[in-house]
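The block underneath contains the structure these notes are about, expressed in structure tokens.
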Amino acid sequence: MNLVTSPGMLDGIWLLGNPLRAAQVAEEMSQTLQQPDGKSELYFSFGVIADIQYADTDDRLNAWGTSMRYYRHSLCLLQSAIEEWNKEIPCPSFVLQLGDIIDSSNSVHKASKIVLKCVLKQIEKMNVPFHHVWGNHELCNFGRNFLTNSALNTKHLEDKTVEVSASATVSCHEDVNPQHFYAYHFSPFTNFRFVMIDTYDLNVVEKDVSSTRYEETKEFLRMRANRSPYRWQDDEAHLLMFNGGFGKDQLDWLDRLLTFSDENKEKVVVFGHVPIHPESKKRACLAWNYRDALAILQAHKCVVCYLAGHDHDGGYCLDSHGIHHVTLEGLVESPPGSHAFGTVHVYKDRMVLHGRGRTTSRVLYFRRDQ
């Protein structure tokens, strides 16, 4: 575990060359910053976890052959994460589950619904709400029609108190038409907003060739990619079938919402399954039109952080506009004796990610103009 800091009060502390000492300092700092000392008031906290990918199947190597996936063990790790969150004082206000809750292999064995029930049974033990992101494995197992009417649709947790002019509405579509993107926003604390985005708004994972989304995806790939998205090595190496992208409607909605947050001096955390910055991950796990989404986030001073999963190795970068891009390590690739989840403590000037196991602890300072 490393302690990674952005510019701020910890400038001059260099711990990256000593992982053991970094882990100790990260733990000490997390405990210190949680103390109500009158100077560092804790606003709220939330849990983060990614790529559980539970399946009742034997362990095996990932597609790259670089690391093992512990499919059965991931359910045990989820259970222990929930137990630890429930014991925290104060308890996290909510948990962000960043997608790929069960593995796509369940679909092959016709076990998707049964396995999902096993995972949801554990999640029901959590004392606070989960916000569920949809990743490629959700779409492989179920498709959007099922997901829209399942417990994995947490759009009912959306903040419905926001009121703006009709010409700049920030509400997502009110009906449950599966043609629409799965995105929403909520405000857990004054002047803080969280925005879920659908990184598979465009995709080739879904099999409904009659949908308008499928047609828009084909047109996008025709216009943006001169080569096949099924190839692994290319000038556009991220244009792969297990990634996805953003449709114009969603990008417009996101731009309007962030304009609202700018005007109301909010701090915004955006989260989705697939990373949108090329330096925040290690492999080709990147949204197809990440440049479009990144340009929108960077155009708004309200955005402080983007959280994603998908790349099980995890990653981080601080971009040129002061936005932290954090890619959470995948739970499914955490061996017995390790772990991969975290709690984020939010303060006036920073967020502190207290990582467990493979999840790196970080101090994420907000820009001074925020």
Side-chain angles (χ1 to χ4, degrees), residues 1-2 19 23 26-27 30 45-64 66-88 91-92 94-106 109 111-112 114-138 141 151-152 154 271 273 282 285 307-315 326-345 353-362:
M1 186 192 307
N2 294 330
E27 179 69 21
S30 178
S45 63
F46 63 95
V48 285
I49 195 165
D51 297 277
I52 300 167
Q53 283 186 226
Y54 172 63
D56 185 12
T57 189
D58 294 339
D59 303 341
R60 65 172 181 268
L61 290 171
N62 61 16
W64 288 273
T66 56
S67 60
M68 189 68 71
R69 293 185 174 178
Y70 305 90
Y71 293 103
R72 292 191 180 97
H73 187 61
S74 67
L75 188 63
C76 299
L77 292 181
L78 172 63
Q79 180 179 4
S80 69
I82 290 172
E83 289 174 354
E84 187 163 342
W85 279 323
N86 279 334
K87 292 177 182 177
E88 288 185 1
C91 185
F94 55 91
V95 175
L96 302 182
Q97 187 276 110
L98 297 173
D100 286 0
I101 194 169
I102 67 172
D103 192 73
S104 61
S105 62
N106 291 293
H109 301 293
S112 300
I114 294 174
V115 169
L116 178 61
K117 286 182 180 179
C118 292
V119 177
L120 292 176
K121 185 176 181 180
Q122 294 301 323
I123 288 175
E124 288 173 358
K125 299 176 182 179
M126 187 68 204
N127 295 332
V128 300
F130 266 63
H131 292 266
H132 293 296
V133 172
W134 297 350
N136 49 308
H137 286 260
E138 277 83 4
N141 275 288
L152 294 181
T154 49
F271 62 102
H273 184 62
K282 296 180 178 65
C285 300
L307 298 171
H310 198 46
D311 186 339
H312 298 181
D313 287 340
V326 181
T327 303
L328 272 293
E329 292 78 359
L331 190 72
V332 72
E333 292 189 8
S334 301
S338 184
H339 222 311
F341 75 103
T343 304
V344 181
H345 307 283
L353 169 57
H354 176 200
R356 275 74 148 198
R358 297 169 55 241
T359 298
T360 304
S361 292
R362 306 181 187 277

Roughly how far, to the nearest 0.5 Å, is the [atom2] atom of [Y] from the [atom1] atom of [X]?
{"X": "T360", "Y": "L353", "atom1": "OG1", "atom2": "CG", "answer": "8.0 Å"}
{"X": "N136", "Y": "N141", "atom1": "CG", "atom2": "CG", "answer": "10.0 Å"}
{"X": "T343", "Y": "I49", "atom1": "OG1", "atom2": "CD1", "answer": "10.0 Å"}
{"X": "L331", "Y": "L98", "atom1": "CG", "atom2": "CG", "answer": "11.5 Å"}
{"X": "I52", "Y": "D103", "atom1": "CD1", "atom2": "CG", "answer": "12.0 Å"}
{"X": "E124", "Y": "F130", "atom1": "CD", "atom2": "CZ", "answer": "11.0 Å"}

(message) So, using side-chain contact (heavy atoms from CB on, under 4.5 Å) as the criterion, who are the partners of R72 when residues are at least two apart?
(response) D56, D58

(request) With sequence neighbours excluded, tell me which residues meet side-chain contact (heavy atoms from CB on, under 4.5 Å) with K121. (result) none

Could you check if a side-chain atom of [X] sits within less than 4.5 angstrom of a side-chain atom of [Y], using non-hydrogen atoms only?
{"X": "T66", "Y": "L61", "value": "no"}
{"X": "T154", "Y": "P129", "value": "no"}
{"X": "E138", "Y": "I101", "value": "yes"}

What's the shortest heavy-atom distance between [X] and [Y], and which atoms?
{"X": "Q53", "Y": "R69", "value": "NE2-NH1, 3.6 Å"}
{"X": "R60", "Y": "M68", "value": "C-SD, 3.2 Å"}
{"X": "E329", "Y": "A340", "value": "O-CB, 3.9 Å"}
{"X": "S74", "Y": "V332", "value": "CB-CA, 4.2 Å"}
{"X": "F341", "Y": "E84", "value": "CZ-OE1, 3.6 Å"}
{"X": "I82", "Y": "I123", "value": "CD1-CA, 3.7 Å"}

(request) Indicate whether any N or O donor in one side chain lies under 3.5 Å from an N or O acceptor in the other, for S45 and E88. (result) no

(message) Can you tell me how the ring of F94 sits relative to the ring of F46, calling it parallel under 30°, perpendicular over 60° and tilted otherwise?
(response) parallel

(message) Taking side-chain hydrogen bond (donor to acceptor under 3.5 Å, both in side chains) as the criterion, tell me which of R356, Q122, H339 meets it with S80.
(response) H339

(request) I would like to know whether H312 and N62 meet side chain to side chain contact (heavy atoms under 4.5 Å, CB included); could you show each step before the answer? (result) CA-CA 10 Å; H312 298 181; N62 61 16; over 6 Å; no

(request) I would like to know whether N106 and H137 meet side chain to side chain contact (heavy atoms under 4.5 Å, CB included); could you show each step before the answer? (result) CA-CA 10 Å; N106 291 293; H137 286 260; over 6 Å; no

(request) Output, in order, the C-alpha distance, side-chain angles, deciding distance and verdict of side chain to side chain contact (heavy atoms under 4.5 Å, CB included) for V133 and L96. (result) CA-CA 8 Å; V133 172; L96 302 182; over 6 Å; no

(message) Tell me if a side-chain donor or acceptor on D100 pairs with a main-chain N or O of A50 at a distance below 3.5 Å.
(response) no

(message) Looking at D311 and K282, would you say the former's side chain and the latter's main chain have a donor-acceptor pair under 3.5 Å?
(response) yes

(request) Give the C-alpha distance, both sets of side-chain angles, the deciding distance and a yes or no for side chain to side chain contact (heavy atoms under 4.5 Å, CB included) between V95 and W85. (result) CA-CA 9 Å; V95 175; W85 279 323; 3.7 Å; yes

(request) Let me see the working for S338 and R358 under side chain to side chain donor-acceptor pair (under 3.5 Å), right down to the final yes or no. (result) CA-CA 7 Å; S338 184; R358 297 169 55 241; 5.3 Å; no

